[in-house]
Amino acid sequence: MTGLPAMHLFYMTLRQALLLNRQCCRQLSTSRTRAREVLPSKAPKSSPKNKHIRQNPVERQSDTPLRAAKLSEEWLNSQKNARELPPSIALKPSFNIKHIWQNPELYSRNCLERNYNSQSDTPFKIAQLHEQWLQSQKIARGLREKSNAIQTQLSHANTFSGRETGSHDLGEEEIERLSEEARKIKRELEPIGEREKCLLEETQRLAAELPNLTSDEKPRGELKIIGFINEPLNQPPSSSRDHVHIGTELDLLEFKKAATTSGWGWYFLKNEATLLEDALVGYAKQVAKEHGFTFVTPPSMVYSHIASACGFRPRDQSRQVYNIQQVEEDQGHDNPGLSLAGTAEIPFAGMEANQILDAADLPVKVVGSSRCYRAEAGARGQAGRGLYRVHEFTKVEMFAWTAPGAEMDVFNSILSVQKTILQKLGLRCRILEMPSHDLGASAYRKQDIEAYFPSRHGRNDGWGEVTSASICTDYQTRRLNTRVKNLAGSEKKTDFPSTVNGTAVAVPRVLAALLENGWDENGFVRIPEVLWPWMHGVRTIRKKH
């Protein structure tokens with residue numbers, strides 16, 4: 001470490017940041033060769049060599065820190081310009097950056113297990129950027145200390161203390177030299193401060209791309225069947241008529257006219273089917289209320305950045321969200337985009353954005369029905385026939401905020417609501433612990449319930465998802481700045497609560513399952529008794545004359 005100024009280390013650590021972006025490397029081709037001699041071309045792994053590089057940057061004579069800061073700023077600006085800036089009213093997230101850069105291998109392995117392969121290097125990039133920021137802080141601190149010493153020397157030049165120490169004997173040339181050096185340090189500090197800001201912004205952007213960590217309860221391979229509701233079938237059903245045929249014959253569903261009106265994937269509910277929709281919503285809300293949930297009716301349109309903060313970030317480029325087109329004069333950084341909510345989970349989570357909850361009020365549990373909109377990327381085909389995969393539907397959603405570590409009580413409460421509803425409806429179901437590669441970005445743990453559809457017996461043995469429940473820990477609250485105060489045993493003034501969500505009933509799929517499982521070969525459909533209070537006296541659905 002002897003023989004070279006400490007500031008020379010700054011250039012070398014900045015050069016590591018350049019290697020994080022290939023485009024920048026191409027733009028800086030003149031310096032690429034020298035960087036390759038010193039730095040690894042890929043994100044650091046857990047090898048002794050790379051560990052030594054991270055802890056002991058190579059010293060060598062190089063450009064000034066001002067030039068190094070300029071080069072790093074070019075790379076950071078290329079990153080910033082390559083992405084769309086968030087709207088000015090977007091919430092400022094609070095990621096646990098320390099935990100990420102301390103455990104990059106954990107987060108990288110988690111990305112691979114969850115099929116987020118393109119993000120598997122992101123934790124190592126965050127660790128590198130953090131080291132760049134620390135080195136920048138160190139250099140800036142050294143420059144400030146030097147500047148303060150110069151300012152002290154100049155201020156003492158004509159004071160009594162200066163006369164005692166001999167500083168008053170400084171000549172005009174020496175004073176001018178010191179003044180110029182102070183101005184030079186100030187010029188060098190300006191880009192360093194700007195670079196630190198860019199480093200933090202890039203770190204935040206990369207952290208936002210990472211999925212939640214995964215529960216140890218999750219199977220890492222295939223899904224795991226953990227239970228059944230009602231008795232599973234031991235043999236194929238005698239009838240495999242699907243809900244499209246039944247609904248058309250009984251004048252309950254209309255798909256062709258909906259295709260003319262809105263396109264394929266849309267539908268009309270008619271006659272008793274509309275009563276069934278109301279009955280399913282009413283019954284689901286009743287059961288949820290019995291389990292302590294409070295009624296809330298959410299909006300169906302949300303800011304796009306709220307949906308992103310909740311974890312609805314598609315892994316690919318397929319269109320999965322309906323975005324609202326803005327007129328040209330409304331487009332811009334200060335006019336955030338709007339999206340149709342794919343689930344009430346999004347507006348529910350946004351309900352407490354930028355709020356501080358009291359621990360004494362937790363858990364806060366809400367339930368509500370809403371219209372949901374999903375573009376449903378991918379080919380439709382026979383598996384998504386009829387009501388099974390549609391673009392708009394009614395759903396009753398449960399959502400809760402809990403104290404950190406208390407998620408399981410609410411999770412079990414949501415599962416109890418789901419099991420009660422499906423059992424009373426008489427549907428045969430199986431309960432699944434979903435594997436890590438099937439988890440969305442926000443889910444820490446997830447269980448699905450699949451109902452049996454006679455018409456789907458040749459596909460997945462007839463099973464089809466009708467509900468899901470997820471623990472999201474603090475993934476959403478950190479991105480929405482939802483906090484909780486007065487937590488027992490916590491030394492922090494505030495912390496981030498956990499969120500839990502689950503489907504009470506998704507109307508189209510449950511309605512389809514009721515039609516197929518309630519079909520009688522004599523030409524009518526039996527309605528479950530628990531829905532009778534909402535059916536206006538209708539007990540069976542028969543063909544119209």
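Index from 1, following the sequence.
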Kindly determine whether His291 and Phe293 satisfy ring pair (Phe, Tyr, Trp, His ring centres under 6.0 Å), including the steps that lead there. CA-CA 6 Å; His291 284 74; Phe293 286 82; 7.6 Å; no

Using 0.5 Å steps for rounding, measure from the CD atom of Glu392 to the OG atom of Ser262. 8.0 Å

Mind checking the CG-OG1 spacing from Leu357 to Thr494? Nearest 0.5 Å is all I need. 11.0 Å

Kindly indicate, with the supporting measurements, whether the criterion ring pair (Phe, Tyr, Trp, His ring centres under 6.0 Å) is fulfilled by Trp401 and Phe399. CA-CA 7 Å; Trp401 296 263; Phe399 193 90; 4.9 Å; yes

Taking atom types as modelled, is there a side-chain donor on Thr473 or Asn212 under 3.5 Å from an acceptor on the other? yes

Evaluation steps, salt bridge (charged side-chain N to carboxylate O under 4.0 Å, His left out), between Glu209 and Arg205: CA-CA 7 Å; Glu209 295 180 352; Arg205 184 190 72 82; 2.9 Å; yes

Can you tell me if Arg371 and Thr394 form a side-chain donor-acceptor pair at under 3.5 Å? yes

Donor-acceptor pair, Arg479 side chain versus Tyr475 backbone, under 3.5 Å? yes

Working to the nearest 0.5 angstrom, can you tell me the gap between Glu201 CD and Leu129 CG? 12.0 Å

Axial cation check for Tyr388 ring with Arg456, 6.0 Å and 45° limits: yes

Pair Lys270, Asp251 - check salt bridge (charged side-chain N to carboxylate O under 4.0 Å, His left out), show working. CA-CA 7 Å; Lys270 301 170 62 179; Asp251 198 21; 2.7 Å; yes

Have Ser468 and Lys446 got a donor and an acceptor in their side chains that come within less than 3.5 Å? no

Test side chain to side chain contact (heavy atoms under 4.5 Å, CB included) applied to Lys485 and Lys493, step by step: CA-CA 6 Å; Lys485 63 182 180 179; Lys493 291 184 178 180; over 6 Å; no

Distance check, rounded to the nearest 0.5 Å: Ser455 atom OG versus Asn517 atom CG? 9.0 Å

Could you check whether Arg430 makes a cation-pi contact with Phe228, meaning its NZ or CZ is under 6.0 Å from the centre of the six-membered ring and within 45° of the ring axis? no

Give a yes or no answer on whether the side chain of Thr248 reaches the backbone of Val244 with a donor-acceptor pair at less than 3.5 Å. yes

Any chance you could lay out the side-chain hydrogen bond (donor to acceptor under 3.5 Å, both in side chains) test for Lys365 and Thr294, step after step, and finish with the verdict? CA-CA 6 Å; Lys365 303 193 296 184; Thr294 302; over 6 Å; no

Could you state the interatomic distance from CZ (Arg483) to CD (Glu352), rounded to the nearest 0.5 Å? 14.5 Å

Is it possible for you to check whether Arg539 lies under 6.0 Å from the centre of the six-membered ring of Trp532, through NZ or CZ, and within 45° of that ring's axis? yes

Derivation and outcome, salt bridge (charged side-chain N to carboxylate O under 4.0 Å, His left out), residues Arg445 and Glu407: CA-CA 10 Å; Arg445 183 181 182 185; Glu407 303 90 355; over 6 Å; no

Applying the side-chain hydrogen bond (donor to acceptor under 3.5 Å, both in side chains) test to Tyr452, which of Arg428, His457, Glu516 qualifies? His457

When rounded to the nearest 0.5 angstrom, what is the spacing between CG in Leu106 and CG in Leu213? 5.5 Å

Cut-off 3.5 Å, side chains only: do Thr203 and His130 have a donor facing an acceptor? no

Begin with the C-alpha distance, continue with both residues' side-chain angles, and end with the deciding distance and a verdict on side-chain hydrogen bond (donor to acceptor under 3.5 Å, both in side chains) for Gln476 and Glu345. CA-CA 11 Å; Gln476 295 172 332; Glu345 173 191 344; 2.8 Å; yes

Within the 3.5 Å criterion, strictly below it, is a donor on Thr214 or Asn110 matched to an acceptor on the partner's side chain? yes

For the aromatic rings, using the six-membered ring if either is Trp, is the centroid distance between Phe124 and Tyr107 under 6.0 Å? no

Take Ile225 and Ile431, measure what side chain to side chain contact (heavy atoms under 4.5 Å, CB included) needs, and give me the verdict at the end. CA-CA 6 Å; Ile225 301 173; Ile431 307 167; over 6 Å; no

Without swapping roles, check the side chain of Asp358 against the backbone of Asn486 for a donor-acceptor pair under 3.5 Å. no

Does Arg478 make a cation-pi contact with Phe95 (under 6.0 Å, within 45 degrees of the axis)? no

Mark yes or no for whether Ser436, through its side chain, and Glu113, through its backbone, hold a donor-acceptor pair below 3.5 Å. yes

I'd like to know if the side chain of Ser339 pairs up with that of Ser304 as donor and acceptor (distance under 3.5 Å, no hydrogens or angles considered). yes

Check whether Phe268 forms a cation-pi arrangement with Lys257 (NZ or CZ under 6.0 Å from the six-membered ring centre, at most 45° off the ring normal). no

